[in-house]
Amino acid sequence: MSTAWRQLRMSGKEVSLDWILPSGQSFRWKREGEEWVSVIQDAVIILRNDPSTDNITYCTLDPRSPETTIKHESKPAQIPPSPPKSPPPAYEIDSAVHDYFNSSIKLASLYREFGARDKYFKQIADRFVGIRMLRQDPWECLCSFICSSNNSIKRITQMIDNLCATYGTYIATYKDIDYYTFPRPSTLASSPNCAAKLRELGFGYRADYVYKTAKAVADWEAQGNQLSDMRGKPYDDVREFLLQFTGVGPKVADCVALMSFDCHESVPIDTHVFNIVKRRYSPKTKMVSKTMSKVVYDELSLYLRDLWGPYAGWAQAVIFISELNRDK
DNA sequence: GGGACACCTTGGTT
DNA sequence: AAACCAAGGTGTC
């Protein structure tokens, strides 16, 4: 039913799936017992956490397998079933998974540096180990974070599920859950009544943002561009580029820059980080305002970037998750 | 140019 | 139970 299990040679200190995958970087991971399942580069990936060996193994589903194709007749066949593709060769899956987890970046040394620069980080670091940034597909990341505005992780997840099930391409079923590709911008842009449909799918006022941005990106891509071309450009350029899209403000732009465009210094200031700064860092920042504004946003983001250094965004992820789990 | 204000919808709290 | 608030904010006056 699947290709062979392979090893993601990263220790628990380097990556903790249970912290990273459900905490609002990607909104597409499903937990199945000790496994985490999602789609990377249009292939279903199953990650298995093996605490006994302090290692993670993974495999990909073979879409042609009977076990994974049983459910076809039960779905509305609006999308013509394209002939099942064969799974990508193992080396491609390997490189995709390692790329997705930013595996060449060593977390241990980053934690050391953050701890040395910031007393508060040092204080919480022991309880929040293995928190790293994923390196996500640019369009999926951009689209997901447009949906994140004034919203909760739970509902964002639901919206993205609906989006993929409606506009994505079916890949395979695993443990009774169907997996789909993330729809391309051009698919959304050319789909009739897309914005209205998105509202029906629970997007609320974000439906227009997603549709307009999909159209803008599709047009731009039609001229021979690719979002991933922006990788490697300076943070300010990436940010300016992203801010042109409807539904993208400073916070969303910083998230996408950090999580998809390799801008490791980008520090998104969301409501949780804002709260924790008020509570823990405020005396140092002379930050008195109670509400967010563009100026306050820029000040805070810059302050934390200076405090944590070139990989400040990675420290932000740790702080963010610690705040999400404050009660635990 | 900054500061209210509205915005879809869901889930949790009072 | 009805009202209210917050949720990884943004666009618009």
Side-chain angles (χ1 to χ4, degrees), chain A residues 19-29 128 131-134 136 140-163 166 193-217 239-261 263 266-280 287-301 304-305 312-328:
Chain A
W19 281 137
I20 298 169
L21 300 183
S23 298
Q25 286 192 50
S26 165
F27 301 92
R28 290 225 286 163
W29 287 92
F128 299 96
I131 296 171
R132 61 170 49 244
M133 298 310 306
L134 302 173
Q136 300 185 64
E140 175 174 338
C141 190
L142 174 59
C143 187
S144 300
F145 278 91
I146 287 173
C147 297
S148 75
S149 77
N150 206 351
N151 209 345
S152 63
I153 291 177
K154 185 165 188 176
R155 185 178 164 211
I156 301 164
T157 303
Q158 169 110 27
M159 287 158 59
I160 299 298
D161 274 350
N162 291 343
L163 180 75
T166 304
N193 300 321
C194 182
K197 193 72 159 283
L198 290 174
R199 275 189 182 255
E200 288 174 26
L201 296 178
F203 279 61
Y205 61 83
R206 303 164 200 81
D208 293 314
Y209 298 166
V210 168
Y211 174 70
K212 284 180 182 167
T213 298
K215 184 145 178 37
V217 171
R239 200 168 193 275
E240 187 184 358
F241 170 76
L242 291 169
L243 284 170
Q244 75 179 289
F245 297 110
T246 312
V248 178
K251 194 284 184 172
V252 170
D254 279 339
C255 281
V256 180
L258 171 65
M259 300 180 187
S260 189
F261 289 97
C263 300
S266 167
V267 180
I269 308 294
D270 58 79
T271 168
H272 295 298
V273 173
F274 188 51
N275 287 336
I276 205 165
V277 169
K278 278 194 283 197
R279 215 166 49 247
R280 302 287 182 182
M287 204 272 310
V288 285
S289 110
K290 288 198 165 33
T291 57
M292 187 65 85
S293 70
K294 172 141 177 44
V295 173
V296 173
Y297 184 99
D298 289 343
E299 274 179 11
L300 283 185
S301 187
L304 293 174
R305 191 150 68 247
W314 290 53
Q316 178 269 2
V318 180
I319 298 291
F320 173 77
I321 288 181
S322 78
E323 179 67 5
L324 263 189
N325 299 277
R326 195 147 63 95
D327 46 334
K328 289 182 188 165

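This is a predicted model, so every value here is computed, not measured. Chain identifiers are assigned alphabetically (A, B, ...) following the order of the sequence lines, protein sequences preceding nucleic acid strands; residue numbering begins at 1 within each chain.
The main-chain N or O of A:V256 is never found under 3.5 Å from a side-chain atom of A:S260 such that the two would form a donor-acceptor pair.
Mapping heavy-atom proximity under 4.0 Å, the span of DNA chain C touched by chain A runs 5' to 3' from C:dA7 to C:dG11.
For the P atoms, the distance linking C:dG9 with B:dG1 amounts to 25 Å, nearest Å. For the C1' atom pair drawn from C:dG8 and B:dG3, the interatomic distance equals 23 Å after rounding to whole Å. Rounded to whole Å, the C1' atom of B:dG2 lies 14 Å from the corresponding atom of C:dG11.
Shortest non-hydrogen contact noted between A:S144 and A:I160 is OG-CD1, 3.8 Å.
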- Parsed dot-bracket for DNA chain C after applying the Watson-Crick and G-U rules with both distances under 3.5 Å and | for other-strand partners is .||||||.|||||
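Annotation: salt bridge (Lys or Arg N to Asp or Glu O under 4.0 Å) contacts involving residues 147-159 of chain A, sequence neighbours excluded, are absent. Counting only residues at least two apart or in different chains, salt bridge (Lys or Arg N to Asp or Glu O under 4.0 Å) contacts with residues 245-256 of chain A comprise A:R239-A:D254.
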Tell me which donor-acceptor pairs under 3.5 Å the side chains of residues 267-276 of chain A have, and how far apart each pair is, sequence neighbours excluded?
unit_1 : atom_1 : unit_2 : atom_2 : d
A:D270 : OD1    : A:H272 : N      : 2.6
A:D270 : OD1    : A:V273 : N      : 3.1
A:N275 : ND2    : A:T271 : O      : 3.2

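Residues passing the ring pair (Phe, Tyr, Trp, His ring centres under 6.0 Å) test with A:F203, sequence neighbours excluded: none. Under the side-chain hydrogen bond (donor to acceptor under 3.5 Å, both in side chains) criterion, A:D161 pairs with A:K30, sequence neighbours left out. Applying the side-chain hydrogen bond (donor to acceptor under 3.5 Å, both in side chains) criterion to A:N150, with sequence neighbours excluded, gives no partner residue. Looking at residues two or more places apart in sequence or on another chain, you find no ring pair (Phe, Tyr, Trp, His ring centres under 6.0 Å) involving A:Y297. Every residue two or more places apart in sequence or in another chain that forms a ring pair (Phe, Tyr, Trp, His ring centres under 6.0 Å) with A:F145 is listed here: A:F27. Residues passing the salt bridge (charged side-chain N to carboxylate O under 4.0 Å, His left out) test with A:R28 are A:E140, sequence neighbours excluded.
Within the 4.0 angstrom heavy-atom criterion, no nucleotide atom of any strand lies near A:M159. A:Q316 comes within 4.0 angstrom of a base, heavy atoms only. As judged by a 4.0 angstrom heavy-atom cut-off over every strand, A:T246 is placed among residues touching the sugar-phosphate backbone only. Here A:F245 lies in heavy-atom contact (under 4.0 Å) with sugar-phosphate atoms only. A:G247 comes within 4.0 angstrom of sugar-phosphate atoms only, judged by non-hydrogen atoms across all strands, and of no base. Across all strands shown, A:V252 has heavy atoms under 4.0 Å from sugar-phosphate atoms exclusively, and none from any base. Among the heavy atoms of the strands lying under 4.0 Å from A:Q25 is at least one base atom, whether or not backbone atoms are also near.
Taking the nucleotide of DNA chain C with the nearest heavy atom to each of A:K212 and A:I269, the more 5' of the two is matched to A:I269.
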- Message: One character per nucleotide, please: for nucleotides 8-14 of chain B, 5' to 3', B when the base has a protein heavy atom closer than 4.0 Å, S when only the sugar-phosphate does, - otherwise.
- Response: BBS----
